[in-house]
Amino acid sequence: NLTSLGTEEVAAGSSLMDAAREAQARIEALGLPSAGTVCVRHFGGQYFSYAQAVELDAIADLARDSGSSVLLAATLSTASHLVNSIGKQFAQPIRPRDKFGTPKRHVVRKIIAERGLSARSVFMAYLRQYESLSIARRDHVAVRADFREALAKPALKPSVVYADPPYTRDHYSRFYHSLETIALGDDPSITKSNLGGGNIKSRGGYRAGRHQSPFCIKSEAPAAFSALFAGVATLQVPLVLSYSGYDPNMEARPRVMALDTVIGLAKQHFKDVRVEQLASLEHMKLNTTSLNKAAKGTTEVLLLCR
DNA sequence: GTATGATCGTAGGTGCAAGA
DNA sequence: TCTTGCACCTACGATCATAC
């Protein structure tokens, strides 16, 4: 993409590099606010066609200026719908050639189909869909906040807290960083990968300072769980905690914290802690069979804390 | 040098819907 | 009824950083 010019594999002096530099110069000459061109500079060519990215910039600008949650929701759905990546997430741009340099035919078809879509048309379809939804009559509020803040100052008095923290070391903010940037309307720098000497911008184009959940970091997870339990206990309401059971005898990837340890922490804050194993459920197996280690024994567990 | 932890790049099985 | 295409999203292996 344009933001990574000079660090990519394109040979200096090639016509593609010349075109990219000229495009960048023309964008700068327009004198637009940097946040207003962030899609085309950061995600154009990487996750969207340049034309789609330009349209997205315009749509996102409109949505943010309006302050309308419906417009913003339709914008984010449009970005999510258009993104040309593996699995429709924002951590894995398409790699159109295999390791031998041969173009992947099915990927080429996918690129042509997805990058030919009009952002405006997709946006209008989502807008019509969301505008036609009935309005919920029950009291509710959506909050974007750190869980500690949300528990310390709840927007509404809850009757129960349901928590679904991550349980592996994978930070899922990687998969939504572009939507975060579109929603915030800023112009973040892109992080550099720790691979290759640390001088190459991350292939996923991650925004600097993206959220890293303490539940995914082994050294921080115990304090995070303690804060969660303490925060809910202070509200004097029950807690339903979703976690993943894990049998250390199986080959599956260990959880950041063992279930027994989580239960032990819960018991420090609640008189009654029950564990319900959802035996009939298994996580979807989303990997090649050879890598799909031991889905059995890693089923969903609910901690009922009172 | 080794162990441990953290980050990044990556693959693809499953279930559903649409089309043949 | 069968086939095909697609969205979903988990979690692996490789690599690097840090602590000892």
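Note: hydrogens, waters and symmetry copies are ignored here, and every other heavy atom, side chains too, is used. Every chain is numbered from 1 and lettered A, B, ... according to where its sequence line falls, protein lines coming before strand lines.
If you measure from atom CZ of A:Arg203 to atom P of C:dA14, you get 18 Å, rounded to the nearest angstrom. Summarising the geometry, the separation between NE2 on A:His81 and P on C:dA7 is reported as 7 Å, rounded to the nearest angstrom. Taking atom CD of residue A:Gln89 and atom P of nucleotide C:dC6, one finds them 17 Å apart after rounding to whole Å. Here B:dA11 presents its P atom at 17 Å from NZ of A:Lys88, a figure rounded to the nearest Å. For the pair A:Asp164 CG and C:dC9 P, the computed distance is 12 Å after rounding to whole Å. A straight line from NE2 of A:His211 to P of B:dT7 spans 12 Å, rounded to a whole angstrom. Look at OH on A:Tyr126: it is 9 Å from P on C:dA7, rounded to the nearest Å.
Taking a 4.0 Å limit (strictly below) on heavy-atom distances, residues 173-181 of chain A reaches DNA chain C at A:Arg174, A:Phe175. Against DNA chain B, the stretch residues 213-222 of chain A makes heavy-atom approaches under 4.0 Å through A:Ile217, A:Lys218, A:Ser219.
Listed by chain and number, the hydrophobic cluster partners of A:Leu184 come to none, as no ILVMFWY side chain reaches under 4.5 Å of it.
Among residues at least two apart or in separate chains, salt bridge (Lys or Arg N to Asp or Glu O under 4.0 Å) pairs with a member in residues 62-86 of chain A are A:Asp61-A:Arg64.
With respect to the salt-bridge test (charged N to carboxylate O, under 4.0 angstrom), the residues A:Arg26 and A:Glu28 do not qualify. Using a 4.0 Å cut-off between a side-chain N of Lys or Arg and a carboxylate O of Asp or Glu, A:Asp186 and A:Arg207 qualify as a salt bridge.
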- Output, in order, the C-alpha distance, side-chain angles, deciding distance and verdict of side-chain contact (heavy atoms from CB on, under 4.5 Å) for A:Phe215 and A:Tyr243. CA-CA 11 Å; A:Phe215 291 100; A:Tyr243 205 65; over 6 Å; no
- Should A:Leu265 and A:Met257 be marked as a side-chain contact (heavy atoms from CB on, under 4.5 Å) after you check the CA-CA gap, both sets of side-chain angles, and the distance that decides it? CA-CA 11 Å; A:Leu265 284 174; A:Met257 275 185 65; 3.6 Å; yes
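For A:Val240, the side-chain contact (heavy atoms from CB on, under 4.5 Å) partners are A:Val160, A:Tyr162, A:Leu302, A:Leu304, not counting sequence neighbours. Taking A:Ser77 as the reference, A:Tyr126, A:Tyr130 meet the side-chain contact (heavy atoms from CB on, under 4.5 Å) condition, with sequence neighbours excluded.
The side chain of A:Tyr206 places an N or O atom within less than 4.0 Å of a non-bridging phosphate oxygen (OP1 or OP2) of B:dG9. At the phosphate of B:dA11, OP1 or OP2 sits under 4.0 Å from a side-chain N or O atom of A:Gln92.
For A:Lys153, the NZ atom is loosely surrounded, since the number of other residues' heavy atoms within 6.0 Å does not exceed 12.
Nearest nucleotide to the side chain of A:Ala91, out of B:dC8, B:dT10, C:dA7: B:dT10.
In the interface, the side chain of A:Gln212 is not paired with the base of B:dA6 through any donor and acceptor atom under 3.5 Å apart.
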